[in-house]
Protein chains: 2
Amino acid sequence: MDGRNGGAPTCDYLFVHEDAVAQVLSALPDDEQLYDLAELFRMFGDTTRIKILYVLFEKELCVCDIAKLLGISQSAVSHQLRILKDAKLVRFRRDGRTVFYALDDDHVRSVLALGMEHILEK
Amino acid sequence: MDGRNGGAPTCDYLFVHEDAVAQVLSALPDDEQLYDLAELFRMFGDTTRIKILYVLFEKELCVCDIAKLLGISQSAVSHQLRILKDAKLVRFRRDGRTVFYALDDDHVRSVLALGMEHILEK
DNA sequence: TGAACATATGAACGATTGTTCACATGTATA
DNA sequence: TATACATGTGAACAATCGTTCATATGTTCA
C-alpha cells in the first residue's frame, strides 16, 4: 500500500474527461488525512471495541465493570481501552485504584448512531 | 472474541447499580447487529478502500480509471471493489467491456463526511 | 511497610487482511 | 472465429491484529 502501481497492466485511456480528473483529484484529501480517516474507522471496526463504546454510551464505567458486563477478560478490555484512548475516542479519570472510562465526545455517539442507522436500513 | 471470559480474575463488585446494569445491557444491541456494525466500519478502515470511496464521491468511474487515478494496480482495485460491493457500499453497471462503479447510497457520503469532520476537529 | 486489589503492559501465538502474480472470464470488433 | 482489451479471481505471502498469559505498576488500608 505504497501508492505505487504494482506493475499490472492498466488500460491506456481515461473515461473521465481531463477536467473531471482534475476535479476528482483536487477534491481528494491528502494521504495523511485519508490515513487518519481510515484509522478512525478502524477503531469502530472491531466487535470488542464497538461493544465497549456502546456500554459507555450512557455513562462512564470502570474497567472491571466493562469486563464483567461484556464477559471479556480484564486484560483484553484494558488493551482495547488503551487503543481507544490513544485514538482519543475515550477519556478516563482515576478515583483511587479505580479508573473510569467515558466517551471522549459526541462525535463517537454520532458515528455509532449513523452506522447503526445504515445497517438497519439494509 | 467469543464473548467468554478468558479466566483472568475480575473484581468482585460492580460500581454501577443493578438497575444501571440492566439499563446498559438492554440498550446494547444484540451480537449480530454489533457484528454487522463492526463489519460496516471495517469497510472504511482501510486506506485503499477509503480512497476508492472518495474518488467515487462525485461521479461513477470504471475500474481502470480508479486504478490510474489512485496509482494502484487494477487487481487490487478489483479485489477491493468486490469487498465494497458485497458490503453494499458501491453498485456497478456494465457498459460493453467497461464496468462503472458508484457509491450505493448517501449513507456512505454521510459516514465519510462525519468521520472527516471528526479528525479535522482533533 | 506489607498485603490486597484494580489496572496496565510486554511477549507470543493464531487468525485475519491486503497485495501481488498468474490466469480466467466476458465483451467487442475485425 | 480469433484477437484485443477490461475486469474478475484463486493461491500465496507478508504484515497487522486481538487475545491470552504472566507479570508489572500503582493505589488503599491495616
Side-chain angles (χ1 to χ4, degrees), chain A residues 1-16 35 38-39 41-52 60-68 70-87 90-101, chain B residues 1-16 35 38-39 41-52 60-87 90 92-101:
Chain A
M1 204 190 310
D2 56 357
R4 189 178 302 278
N5 185 316
T10 56
C11 57
D12 46 330
Y13 65 91
L14 273 178
F15 265 102
V16 294
Y35 181 83
E39 192 178 52
F41 287 123
R42 220 177 299 132
M43 293 301 108
F44 294 87
D46 174 75
T47 309
T48 300
R49 285 194 294 270
I50 283 274
K51 285 180 180 175
I52 292 175
E60 65 175 15
L61 290 172
C62 69
V63 178
C64 172
D65 281 351
I66 297 172
K68 285 185 101 174
L70 298 181
I72 299 169
S73 75
Q74 176 269 320
S75 179
V77 171
S78 194
H79 275 294
Q80 296 304 335
L81 282 171
R82 181 165 135 78
I83 292 171
L84 291 170
K85 185 188 66 185
D86 288 349
V90 301
R91 55 187 160 73
F92 68 98
R93 70 179 177 85
R94 177 152 223 147
D95 181 14
R97 16 182 198 223
T98 308
V99 179
F100 289 95
Y101 282 83
Chain B
M1 201 188 310
D2 57 357
R4 189 176 301 279
N5 186 316
T10 54
C11 57
D12 47 330
Y13 65 91
L14 273 178
F15 265 101
V16 295
Y35 180 84
E39 192 178 50
F41 288 123
R42 219 177 299 133
M43 293 301 108
F44 295 87
D46 173 74
T47 310
T48 299
R49 285 194 293 270
I50 283 274
K51 286 180 179 177
I52 291 175
E60 65 176 11
L61 290 172
C62 70
V63 178
C64 174
D65 281 352
I66 297 172
K68 285 185 101 175
L69 283 174
L70 298 180
I72 299 168
S73 75
Q74 176 269 320
S75 178
V77 170
S78 193
H79 274 295
Q80 296 305 335
L81 282 171
R82 181 165 135 80
I83 292 171
L84 291 170
K85 185 189 66 184
D86 288 349
V90 301
F92 69 98
R93 70 178 178 87
R94 179 153 220 147
D95 181 12
R97 11 182 202 227
T98 308
V99 178
F100 290 95
Y101 283 85

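Heavy atoms only: backbone and side chains are in, while hydrogens, waters and symmetry mates are out. In what follows, every chain begins at residue 1, and chains take the letters A, B, ... in the order their sequences are listed.
- Cation-pi geometry between Arg42(B) and Tyr35(B) is met: under 6.0 angstrom from the ring centre, within 45 degrees of the axis.
- Pairs of Watson-Crick or G-U wobble type, with distances under 3.5 Å, assemble into runs of 3 or more in DNA chain C at these ranges: C:1-30 with D:1-30.
- Rounding to the nearest 0.5 Å gives a distance of 10.0 Å between OG1 of Thr48(A) and CD1 of Ile83(A).
- Taking both residues in full, the closest heavy atoms of Ala38(B) and Thr47(A) are given as CB-N, 3.8 Å, listed atom of the first, atom of the second, then distance.
- Rounded to whole Å, the distance from CG on Leu81(B) to P on dG8(D) is 7 Å.
- Shown here for Arg49(B) and Met43(B), the closest heavy-atom pair between the two residues is NE-O, 2.9 Å.
- Taking atom CD1 of Ile50(A) as the reference point, atom C1' of dC17(D) lies 16 Å away to the nearest angstrom.
- Nearest to the side chain of Arg97(A), among dC5(D), dA8(C), dT27(D), sits dT27(D).
- Remark: Gln80(A) is in phosphate contact with dT19(D), judged by side-chain N or O atoms under 4.0 Å from OP1 or OP2.
- Rounded to whole Å, the distance from CD1 on Ile52(B) to P on dG18(C) is 11 Å.
- Atom CZ in Phe100(A) sits about 12 Å away from atom P in dA8(C), given to the nearest Å.
- Atom pair Asp65(B):CG and dA6(D):C1' shows a separation of 11 Å (rounding to whole Å applied).
- In this structure, OG in Ser78(B) is found 9.5 Å from CD1 in Ile66(B), a value given to the nearest 0.5 Å.
- In this structure, CG of Leu61(B) is placed 15 Å from C1' of dA6(D), rounded to the nearest angstrom.
- Interatomic distance, Cys62(A) SG to Gln74(A) CD, rounded to the nearest 0.5 Å: 10.5 Å.
- When Leu84(B), Leu81(B), Asp65(B) are each tested for a side chain to side chain contact (heavy atoms under 4.5 Å, CB included) with Tyr101(B), only one passes: Leu81(B).
- Taking atom CG of Asp86(A) as the reference point, atom P of dC17(D) lies 13 Å away to the nearest angstrom.
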N/O-N/O pairs, protein side and nucleotides 9-17 of chain C side, under 3.5 Å:
from	atom 1	to	atom 2	distance (Å)
dT9(C)	O4	Ser75(A)	OG	2.7
dG10(C)	O6	His79(A)	NE2	2.9

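- Using a 4.0 Å cut-off, no side-chain N or O of Thr98(B) falls inside it from OP1 or OP2 of dA6(D).
- As rounded to whole Å, 14 Å separates atom P of dT16(D) from atom CD1 of Ile83(A).
- Note on Tyr101(A): only backbone sugar-phosphate atoms sit closer than 4.0 angstrom, heavy atoms only; bases stay farther off.
- Separation of atoms SG (Cys64(A)) and NZ (Lys68(A)) is listed at 6.0 Å; rounding is to 0.5 Å.
- From Gln80(B), atom CD reaches atom CD1 of Ile72(B) across 8.5 Å, with rounding to the nearest 0.5 Å.
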